[in-house]
Amino acid sequence: MIELSIRDGRRKMVNYFSLAVLCALAFAAIAPLFFIFAYLLLRGWGGLSWSFFTEIPRPVGESGGGMANAITGSLVLMGLSSALGVPLGLACGMALSELKKTRTAKALRIAIDLLTSVPSIVIGLFAYALVVVPLKGYSAWAGGFALAIVMVPIVARSTEEILKLVPSAVHEAGLALGLPRWKVLMRLILPGVRTGITTGILLALARVSGETAPLLFTAFSNSFGFRGLSSPIASMPVQIYTYATSHDETWRQLAWTGALVLVFVVFLLNLVTRILTRRKI
Amino acid sequence: MNRSPKGSTNLSGRANIGDRVFYAGLRAVSWTTILLFVGMLIFIADLSWIAIKETGWKFWTIDDWNPPMEIFGAAPFIVGTLASSAIAVMISAPISIGTALFLREIAPRKLAGIVAFLVELLAAIPSVVYGLWGVFVLAPVMRDHIQPFLATWFGPETYFAAALAHVLTGIAYPFLLLADAFGMTSVTLVSLSAKMMMFSQGLFNGPPLGLGLLTSGLVLAIMITPTVTALSREVLLTVPDSVREAALGLGATRWEMIRLALLKTGRAGLIGAVILGLGRAIGETMAVTMVIGNRNAIPSSLFEPAQTMASVIANEYNEADGLHLSSLAFVGLSLFIVSLIVNLLARTLVRYLERGSRA
């Protein structure tokens, strides 16, 4: 009996110790978030001014200047990529949920799964081969195309998930009214899950707004501002990368402030999606 | 005539024209996307064609990358990618699985919600921001504090290095015997042990630079933790409550229940989650490019700067042409294939677990 109780004591000790370790591990997982956020505020906040949003960067050595070119560039790129990526993603999501177990849907599901796992720099290579080479130069088109490919699987997945949640009774009610299937889907079901679909699109936008690798040799960069869709275009992430790796103090400051703004936008998008999902479909 | 899915029939008896067009459209879009994916492989293979013809499969074993001399071998980048991802996974796996267990078993519902949200935010931070933070905040800390500490305790001529060399020799020796039996190699035990000793002594050797393999592995670990945590949580949810309750009912402590019921039952899925994290680490570009130090050679120490498959493309693609450009595309093609294999492997494992839990 005594031996048993000693063993029990040991088991209890091991138990408490292990549970404490799990708590510590969870803490270790979220600690970097605070470190990163603290430094973004510490280093980036000081550079926040009106001119950051309205001025284009100045040459090395001169102080002042902003990232207006990168901000407009990012907006243009996000618009372009949404124009292609959102409809394609939505259609893929609908195809996944409507075509169910057909050969097409199975193949599509594999393609979407694998598309999610393609490293974004490889997507950049693809856009380079498909758009930059034929157009003979870096362009906003190429950058938008690369980002669209990043968006497609995200939008498709979330659309499929949302459509799965719609009770089949809605489907059946529509069909019972004699409506054709496409009308049931487009007029009855889609309007009902609008919020859920918006959530997916916002998440895709949040992801795309921070993508750098696929833009390096597709959209490239420029320091003058918008020059049309067939010429190189600046973007926040690429600009941050360029400035962070430069040796100019002003530029490094711009990189920190840019990162702060970028993270703020991304967090805001995430927060909005969270609030939208909490209200449920 | 009845081509609409689920074999549904219209009451009016005729197939609806709108439906036919609509479903044809969906099918067309699906195949477009599938083609897009296949096209990706073909186009990148086309970009790398010159390099494939020039160097062939030797490309992966040549350990020199020298654009001015037109020597292109991917071995330094393959080693860099494997090493940095391995470090990332070794750090991230226990943290992520621990966090997932914490969220499911320990944290009260409210706290679990908050922690899960914070981990999600970590996933939302763009890669380039991790890079910025890594270069200006983490690298100096690594250089001034962590790397000197590691060098003192695990560096050359420490007990750790000696012990590690012996353990590695012990692990490798059976393989050596096996290879010897097939007449494939003539490495002796002495030279094997010497090699392992060199490897172990070199691991934490050299001047602490801040930027390098170890720092990039650490940044990668932070970046993949949200992914692995989320996937592990999903895996843990597939373990039925009855298994947990059975363990507790037999008088297991909470930790014993976690070990026996959760970790053991979910093993395949958890490994799958970690491998998916590995896949992310392998393909991650910007943060690594910024902190790994960009040196095109096989590193012998974790403190040394290195280069990964993704980072060399990011660094050199804009200034490359001809064979150089094509070789970079070949690196990209290799990266593409590796990440496909890793992901398929992980998915198979997760699916295997799902089937197991249903049975």
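If you're wondering where the values come from, they're calculated on a predicted model, not measured in any experiment. A note on names: the letters A, B, ... follow the listed sequences, proteins ahead of strands, and every chain is numbered from 1.
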Most contacts with chain A, counted as non-hydrogen pairs under 4.5 angstrom, among [options]:
options                                : answer
B/Ser127, B/Ala329, B/Ser92, B/Pro94   : B/Pro94
B/Ile125, B/Val119, B/Leu344, B/Thr225 : B/Ile125
B/Gly283, B/Gly332, B/Ser30            : B/Ser30
B/Leu132, B/Leu122, B/Ile95            : B/Leu132
B/Leu47, B/Leu121, B/Ile222            : B/Leu121
B/Trp31, B/Phe336, B/Tyr317            : B/Tyr317

Top residue by heavy-atom pair count (under 4.5 Å) with chain B, among [options]?
options                                : result
A/Ala156, A/Gly210, A/Ala29            : A/Ala29
A/Ala111, A/Ala259, A/Ser117, A/Ala107 : A/Ser117
A/Asp113, A/Ile149, A/Ile112, A/Leu88  : A/Asp113
A/Thr116, A/Val266, A/Leu260           : A/Val266
A/Ile30, A/Val122, A/Ile36             : A/Ile36
A/Ala24, A/Ala95, A/Ser209             : A/Ala95

Spacing of [X] atom [atom1] and [Y] atom [atom2] [to the nearest 0.5 Å]:
X        : Y        : atom1 : atom2 : result
B/Trp133 : A/Phe37  : CH2   : CZ    : 14.0 Å
B/Met290 : A/Ile240 : CE    : CD1   : 8.5 Å
A/Phe220 : B/Asn318 : CZ    : CG    : 5.0 Å
B/Arg27  : A/Glu98  : CZ    : CD    : 11.0 Å
B/Leu101 : A/Cys23  : CG    : SG    : 11.0 Å
A/Leu19  : B/Phe102 : CG    : CZ    : 10.5 Å

What part of [X] is in contact with chain A, defined as an atom under 4.5 angstrom from a non-hydrogen atom: side chain, backbone, both or neither?
X        : answer
B/Leu111 : neither
B/Thr285 : side chain
B/Ile44  : side chain
B/Ile106 : side chain
B/Tyr130 : side chain
B/Arg280 : neither
B/Ser96  : neither
B/Leu36  : both
B/Glu105 : neither

On the 0 to 90° scale, with breaks at 30° and 60°, tag the A/Phe126-B/Phe43 ring pair as parallel, tilted or perpendicular. perpendicular
Would you please classify the geometry between the B/Phe22 ring and the A/Trp182 ring as parallel, tilted or perpendicular, with 30° and 60° separating the classes?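 Tilted, since the angle between the ring planes falls between 30° and 60°.
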Heavy-atom side-chain contact between [X] and [Y] under 4.5 Å:
X        : Y        : answer
B/Met286 : A/Leu216 : yes
B/Leu335 : A/Ile121 : yes
B/Glu120 : A/Arg274 : yes
B/Pro126 : A/Pro237 : no
B/Thr99  : A/Phe27  : no
B/Met40  : A/Ile123 : yes
A/Leu114 : B/Phe37  : yes
A/Leu22  : B/Ile258 : yes

I'd like to know if the side chain of B/Asp19 reaches the main chain of A/Arg181, judged simply by a donor and an acceptor atom lying under 3.5 Å from each other, with no hydrogens or angles considered. yes
Would you confirm whether A/Asn15, through its side chain, and B/Trp255, through its main-chain N or O, come within 3.5 Å as a donor-acceptor pair? yes
Below 4.5 Å from any heavy atom of chain B, which atoms of A/Ala206 appear? Answer side chain, backbone, both or neither.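 For A/Ala206, there is no contact with chain B at all, as no heavy atom is under 4.5 Å.
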Using non-hydrogen atoms and a 4.5 Å limit, figure out which bit of A/Tyr16 sits close to chain B: side chain, backbone, both or neither.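 Interface part for A/Tyr16: neither.
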Show, in sequence, the C-alpha distance, side-chain angles and deciding distance for B/Thr289 and A/Tyr241, and conclude whether the side-chain contact (heavy atoms from CB on, under 4.5 Å) test is met. CA-CA 10 Å; B/Thr289 306; A/Tyr241 170 60; 3.6 Å; yes
Is it true that atom OH of A/Tyr39 has more than 12 heavy atoms of other residues, nucleotides or ligands lying nearer than 6.0 Å? no
Return yes when atom CZ of B/Phe117 has more than 12 non-hydrogen atoms of other residues, nucleotides or ligands closer than 6.0 Å, and no otherwise.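 More than 12 heavy atoms, drawn from other residues, nucleotides or ligands, come within 6.0 Å of this atom.
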side-chain contact (heavy atoms from CB on, under 4.5 Å) between B/Ile313 and A/Leu125, intermediate numbers included: CA-CA 9 Å; B/Ile313 304 174; A/Leu125 282 177; 4.3 Å; yes
